[in-house]
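For reference, the structure is listed below as structure tokens.
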Protein chains: 2
Amino acid sequence: MQANLREHIEKIISLTDDEFAFVQSHFITKQFSRHEFLITSGQPVKHTYFVISGLIKLIHTDDNAKEHIVAFAMEDWWESDFQAFYKGTKATMSLQCLEDTTVLCLTLDGYNSLCSGLNKMEYFFLKKANAGHIAAQQRILSFLTSNARERYEMLLKRYPSLFQRVPKTQLASYLGVSRETLSRLST
Amino acid sequence: MQANLREHIEKIISLTDDEFAFVQSHFITKQFSRHEFLITSGQPVKHTYFVISGLIKLIHTDDNAKEHIVAFAMEDWWESDFQAFYKGTKATMSLQCLEDTTVLCLTLDGYNSLCSGLNKMEYFFLKKANAGHIAAQQRILSFLTSNARERYEMLLKRYPSLFQRVPKTQLASYLGVSRETLSRLST
DNA sequence: TATTCTTTGTGATGTTTGTCACACCATGAT
DNA sequence: ATCATGGTGTGACAAACATCACAAAGAATA
């Protein structure tokens, strides 16, 4: 089960068996069913999640109760309401399953203990944070430079599997267009 | 001159004089005039920059030679084409001065030496990377939830000084709307 | 002073996208 | 089998926004 995690981490740093045992001791495994919430807006955020299998969405609900998808997370992705997680404040976003999902859970104490106990892990999280920053900036750029059709095509090219796994309504919400407009793009 | 840097870093970690001397030794100061380029698209990216004074913009130029502003950076901000900087690849974006600007320059070797030589600095950069990720995600959210007027008002509320320092054409490019549309929002 | 460049506003018009309404189909629950 | 539910496509119309064109005011420069 946690082989995924080791393989994932070792793409960036190498670990001895003892070191991985130490890493592993900070995580607990949890399972969630489709539609279940890992994080609920307004509630405290106890964990950062590493997705073992399944698919989840990070969403923000606006004043008109309209839902906007800030991010998807699938196998080998880390996700949380990071702002709330690091600051210890209440969630402004929710994290919900699109499929039955298995995750590894890491608390903030666990995160800090990992970083201070095994310095390589701080380096690992630094790399991950930088990658997250760069990816988010690329998405900003797609809003600046591209219309709905182009953003849709870029998304499909980059993550073809989403097309199979996620209803188009959800893709529309991620792309920032209405369901109807997305439906009309195919032609 | 580098007092800014020390104060900036000590908002997150504390440093002895010796430690700060070590940090300081990794930076060189450079001055650029308005319109000058710190990074040119297609060229190697030698540095990450810490802005001492002035104002710069991170831009991407699309196929139609239209310029899009990915980020502004003013006093106490870090900026670069991070993807190219960390990977050692050629820049896909440019970094250009909107005002006469003084920056501290850090090479990739310097960055790595800083992180390995003084562990607190790795922690510092981790915090900064996380903050960058969260800020970028907030901007994505503004594209998903808000129209041009709302994004404009949010920007002015958050960074009122930009309104004084930057022509509206540039603000429009940052917000992802045309100059004309922005001009008509005021009413 | 004369002149060029930058910045900004604004009208006219077309394109893109959102919203509302309705229909159809598949799926799973009772 | 029947019923609800969620996902999808599409027509009609309205709103938001882009583009093109032109004008005017201010800043920079010769």
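All values below come from the heavy atoms of this structure, side chains included, with hydrogens, waters and symmetry mates left out. Naming: A, B, ... by sequence-line order, numbering from 1 per chain.
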- Item | Difference in axis direction between the ends of the helix from C:dT1-D:dA30 to C:dT30-D:dA1, five pairs, 10° | 40°

Can you check the [X] [atom1] to [N] [atom2] distance for me, whole Å?
X	N	atom1	atom2	result
B:His35	C:dT7	NE2	C1'	12 Å
B:Arg149	D:dA15	CZ	C1'	13 Å
B:Leu185	D:dC17	CG	C1'	10 Å
B:Arg179	D:dC22	CZ	P	14 Å
B:Asp100	D:dA28	CG	P	12 Å
A:Leu182	C:dT16	CG	P	16 Å
A:Arg34	D:dG7	CZ	C1'	11 Å
A:Glu180	D:dA14	CD	C1'	14 Å

- Check whether the side chain of B:Arg184 and the base of C:dG11 form a donor-acceptor pair under 3.5 Å. yes

- Pair B:Glu180-B:Ser183, side-chain donor/acceptor within less than 3.5 Å: no

- Have B:Trp77 and B:His8 got a donor and an acceptor in their side chains that come within less than 3.5 Å? no

- Please list, by residue number, the residues of residues 159-177 of chain A whose heavy atoms come closer than 4.0 Å to an atom of DNA chain C; answer none if no residue qualifies. A:Gly176, A:Val177

- Message: Restricting to non-hydrogen atoms, name the atom on A:His35 and the atom on A:Gln96 that form the minimum distance, rounded to 0.1 Å.
- Response: O-NE2, 2.9 Å

- Query: Nearest heavy-atom pair of A:Ser173 and A:His68: which atoms, and what distance?
  - Reply: OG-CA, 3.4 Å

- Task: From the options D:dT8, C:dT10, C:dT17, select the nucleotide whose nearest atom is closest to the side chain of A:Ala148.
- Result: C:dT17

- Task: Return the set of residues passing salt bridge (Lys or Arg N to Asp or Glu O under 4.0 Å) with B:Lys90 (not counting sequence neighbours), or none when no residue passes.
- Result: none

- Query: OP1, OP2 of C:dT19 versus side-chain N and O of A:Lys66: anything below 4.0 Å?
  - Reply: yes

- Message: It should be established whether B:Thr181 places a side-chain nitrogen or oxygen under 4.0 Å from OP1 or OP2 of nucleotide D:dA18.
- Response: yes

- Query: For the atom pair CZ (B:Phe22) and CG (B:Leu114), what is the distance rounded to the nearest 0.5 Å?
  - Reply: 5.5 Å

- Any donor-acceptor N/O pair, B:Arg184 side chain to B:Arg179 backbone, under 3.5 Å: no

- Message: Count I, L, V, M, F, W, Y as connected when their side-chain heavy atoms are under 4.5 Å apart, and connections chain through other members. Are B:Ile69 and B:Phe37 then in the same cluster?
- Response: no

- B:Tyr174 ring centre to B:Arg151 NZ or CZ under 6.0 Å, with the angle to the axis within 45°? no

